[in-house]
Amino acid sequence: MRKTTVLTLVAAVLLTSACSKEHSNVLVPVNVNVDDFAISQGEFSSKDASTVATYTNVKAITLAFFDENGDQIYSTTQLRAGTTTYETFGSFSLMLPIGNYTMEVLGYANELPATCNSMTEWVFTPDKVRETFVGSQTVTISNTANSVDISAPLGRVVPRLEVFTTDPVPEAVKSVRITYAAGGSGINPITGLSSTNTGCTYLIENPTTTSDGISKFRSHLFLATDQQTMNVTLDALDSEGNSVSHKVVSNVPFQRNKVTQLHGALYSAGVSGSFTVNTSWIGDTNIVNF
């Protein structure tokens, strides 16, 4: 009796193993559609929601799947300008084996594909951080004769810094370097937060004087928390990269999907004084005078 029981158990294990192996070789059609997604709630100059087709500031969309070990098993990028990379921008069709996955989708204003360092870190080097939307969800692919259709809504995860100088750009100034003391340039799509908190830099090439006699420019970064306060350093650089004007704005508040503005003199020699910082949110835009 015992021998029979043991043989029965062995047979059951072998059958289960065979079925598992058979299922792991089954490829299931998967369709992912990035359609309606949250653009903002009015903080940025755009609608509350839009589609990938109409919101042209999304220049690229990256779709990736990771297995339960965190290993990337699929990744592809559609470039809006590269029409050979897609049939319908924001729609993906692929085949996946049966299993459990983490799906990550990134939509961004960069025209170069994002680089995956790991499931929890994507970076945009050598390009700078631009407007970015992300989404992540757990996906289970089971043995089915039908295709799996997935909707992938995305949300904006960057704050925007807008700088308005009260003085014109001197001829010697060829660029402006913005240095953030915290946050970073890598994004974790699962949390929508920065993968580091050591700060990053953003270079504005060839700033120009507007008809109003000022200069204005903007940049983005990823925050380590939804709201974060940090010092921001502005350096006006000459053609050799030397700083000809240096300003530190202390305790600048940021929040994801919000706009923070800096107003003040940047290039004028001898201009000094204390900075006025408003740490509360003023309507849709946080304004800081420097």
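All values reported here derive from a predicted model rather than from experimental measurement. Any value given below was found using the heavy atoms of this structure, including those in side chains, with hydrogens, waters and symmetry copies removed.
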Spell out, as yes or no, whether a donor-acceptor pair under 3.5 Å connects the side chain of E111 to the backbone of A60.
-> no
D235 side chain to H246 backbone, donor-acceptor under 3.5 Å:
no
Paired with F92, the side chain to side chain contact (heavy atoms under 4.5 Å, CB included) test is passed by just one of N31, I61, V30, N33, namely I61
Is it the case that the side chains of T140 and Y101 hold a donor-acceptor pair, with the cut-off being a distance below 3.5 Å and no angle test? no
ask   = Do T102 and M119 have side-chain heavy atoms sitting under 4.5 Å apart?
value = yes
Distance col, row L266:CG vs K247:NZ, nearest 0.5 angstrom, shows 7.0 Å
Taking every heavy atom of V32 against every heavy atom of F65, the minimum-distance pair comes out as CG2-CZ, 4.1 Å
Find out if a path of hydrophobic residues (ILVMFWY) with successive side-chain heavy-atom gaps under 4.5 Å connects M103 to V28. yes
- Item | Evaluation steps, side-chain contact (heavy atoms from CB on, under 4.5 Å), between L161 and L262 | CA-CA 8 Å; L161 176 70; L262 302 183; 3.7 Å; yes
L79 and T85 have their tightest heavy-atom pair at N-OG1, 3.1 Å
**Prompt:** Is any side-chain heavy atom of Y267 less than 4.5 Å from a side-chain heavy atom of L234?
**Reply:** no
Separation between CG (L221) and CD (Q228), nearest 0.5 Å, reads 7.5 Å
Joint cluster assignment, L96 & V26, ILVMFWY side-chain distance < 4.5 Å:
yes
Between the side chains of S219 and Y180, does any donor sit under 3.5 Å from an acceptor?
-> yes
Following the transitive rule for hydrophobic clusters with a side-chain heavy-atom cut-off under 4.5 Å over Ile, Leu, Val, Met, Phe, Trp and Tyr, establish whether I178 and V123 coincide in one cluster.
no
Note to self: Taking the side chain as everything from C-beta on, heavy atoms only, tell me whether L203 gets closer than 4.5 Å to S175.
What the structure shows: yes
query: Cut-off 3.5 Å, side chains only: do N188 and T120 have a donor facing an acceptor?
result: no
When rounded to the nearest 0.5 Å, the distance separating CD1 of I204 from NZ of K128 is 5.5 Å
Would you mind reporting whether V249 and N231 have side-chain heavy atoms less than 4.5 Å apart?
no
Considering only heavy atoms from C-beta outward, does the side chain of S194 approach that of I187 to under 4.5 Å?
no
Can a side-chain donor-acceptor contact be found between N251 and T229 if the only test is distance below 3.5 angstrom? no
(message) Are F133 and Y108, when compared by the centres of their aromatic rings, separated by less than 6.0 Å?
(response) no
Parallel, tilted or perpendicular: which fits the ring planes of H263 and F164, with parallel below 30° and perpendicular above 60°? parallel
Q.
So does E240 get a backbone contact from the side chain of D238, meaning a donor-acceptor N/O pair under 3.5 Å?
A. yes
Please check if the number of heavy atoms outside K59 that lie under 6.0 Å from its NZ is greater than 12.
yes
TODO: Identify whether V105 and Y74 are in the same connected component of the hydrophobic contact network (ILVMFWY, side-chain heavy atoms under 4.5 Å).
DONE: yes
Can a donor-acceptor pair be found, under 3.5 Å and without considering hydrogens, that links the side chain of Q78 to the backbone of S91?
yes
Note: A181 and M230 closest approach over all heavy atoms is N-SD, 4.1 Å
Rounding to 0.5 Å, atoms CG (N197) and CG (L223) come to a distance of 9.0 Å
In this structure, OG of S136 is separated from CG of L106 (nearest 0.5 Å) by 9.5 Å
The side chain to side chain donor-acceptor pair (under 3.5 Å) partner of E131 among R218, R156, H220 is R156
Here the side-chain hydrogen bond (donor to acceptor under 3.5 Å, both in side chains) pairs for residues 199-213, sequence neighbours left out, are none
Is there side-chain contact between C200 and F222, with heavy atoms separated by less than 4.5 Å? no
Between the CG atom in N57 and the OG1 atom in T132, the distance rounded to the nearest 0.5 Å is 9.5 Å
Across all chains, not counting sequence neighbours, the salt bridge (Lys or Arg N to Asp or Glu O under 4.0 Å) partners of D67 are none
Of all heavy-atom pairs linking T165 and D167, the shortest is OG1-O, 2.8 Å
V169 and S215 have their tightest heavy-atom pair at CG2-CB, 3.5 Å
Closest heavy-atom pair, C116 versus Q72, reported as atoms and distance to 0.1 Å, is SG-NE2, 3.4 Å
- Within-4.5 Å side-chain heavy-atom neighbours: L237 and K174: no
Check your understanding: Would you say V158 and R160 make side-chain contact, with heavy atoms under 4.5 Å?
Key -> no
